[in-house]
Amino acid sequence: MSKITTLDEFILTSEKKYSDATGQLSRILRDIGIAAKIVNREVNKAGLSNILGKDGGTTNNSGDEVQKLDIYANEKMIECLSYSGECCGIASEELENFISLPSKEAKTAEYIVVMDPLDGSSNIDVNVSVGTIFGIYRRLSAVDGEITKEDFVQKGTDLVASGYVLYGTSTILVYTTGRGVNGFTLDPSIGEFCLSHENMRIPPSGNYYSINQGYYLKFDLEMRRFIDHCSDKNLRLRYIGSMVSDIHRILFQGGIYLYPNTRKYPQGKLRLLYECNPMSMIVEQAGGKAITTKLERILELEVKEIHQRATIVIGSPDMIDEMKLFIEKYSAVLV
Ligand code: P6P
């Protein structure tokens, strides 16, 4: 039997490799691992424990109807991130504004977390994959003071770590601290995330493209021409309404995920801080690319608001480069 490397062991071993590591980031990552196991337990029995359905018809900052599991996942992530005392504040899709964690230790902690606690929650009631997305930044405010909005509205290039959990046919946690991407699959028989995908690299190209083709007539010309091109090349369209799931496929098998501007979302639908930036850090660390439909690198975008939206084109480098040619050729905006 090959040696099992648990997430905790991997985090601690990685920490020892870097003399400047203090263990604070490791403890935050382990808190997230615990939260992922708890959320996974509820996701797997959502149909049985009256946790399905809308939470009284409330909506979150993305305008999405809030499902009970959204709220549960948000609460558990906040609770678990309080354990180590290494996180001083959280911004979440489920929260109007950022929050400070109340413990005495948290007040002087040096990291903040941004998160989408349950991405793709419209899939919950129909038993389709959902995910958690997180990013970790160093706080900018003085540790003896209050946290501020500036602690959160940081560029993606300033991310210290990012990751996601995919609650699918199995549950996998994928993260990076800027030194490569590693995946850990949950073994329910021992309750541990075990290293299953070491040093993940995205294929330079692939046979999948992922976009909500239902908006075809609402996309700009360059998007429609690219979609036509994908069809001409007999690429396979895969789009399940969960960014984590769609990008996870592309990370493994190659491809491109696109959420361009539409009439309903002229700035794009996805949130820059806690969806686009963390996923872009992971994909870039695995050798991929992530840009906006105006050819800007996602990670270099100025973040001005916590719930700021962005367009995104992310995935295999060769396919992103090909998409750029369509944008340069057909985009009225870039002329
Ligand atoms: P649409 C889920 O709400 C999400 O933020 C992403 O995970 C997903 O890819 C996208 O929005 C789905 O949006 O407009 O295609 O339903």
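In each ligand, atom 1 is the first atom listed, and ligand 1 is the first ligand listed.
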For residues 96-105, tabulate all N or O donor-acceptor pairs below 3.5 Å that involve a side-chain atom, not counting sequence neighbours.
unit_1, atom_1, unit_2, atom_2, d
S103, OG, E105, OE1, 3.4
S103, OG, A106, N, 3.0

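No side-chain donor-acceptor contact under 3.5 Å links N199 and N182. If you check the side chains of Y216 and D228, you find a donor sitting under 3.5 Å from an acceptor. Y167 and T132 are linked by a side-chain donor-acceptor pair at a separation below 3.5 angstrom, with hydrogens and angles left out of the test. For E322 and H229, the side-chain atoms include at least one donor-acceptor pair closer than 3.5 Å.
Salt bridge annotation for R139-E150: absent, with no cationic side-chain nitrogen under 4.0 angstrom from a carboxylate oxygen.
Enumerated by chain and number, the residues approaching ligand 1 to less than 4.0 Å through a heavy atom are D64, D119, G120, N212, Y215, Y239, G241, S242, M243, Y257, Y259, K269, L270, E275.
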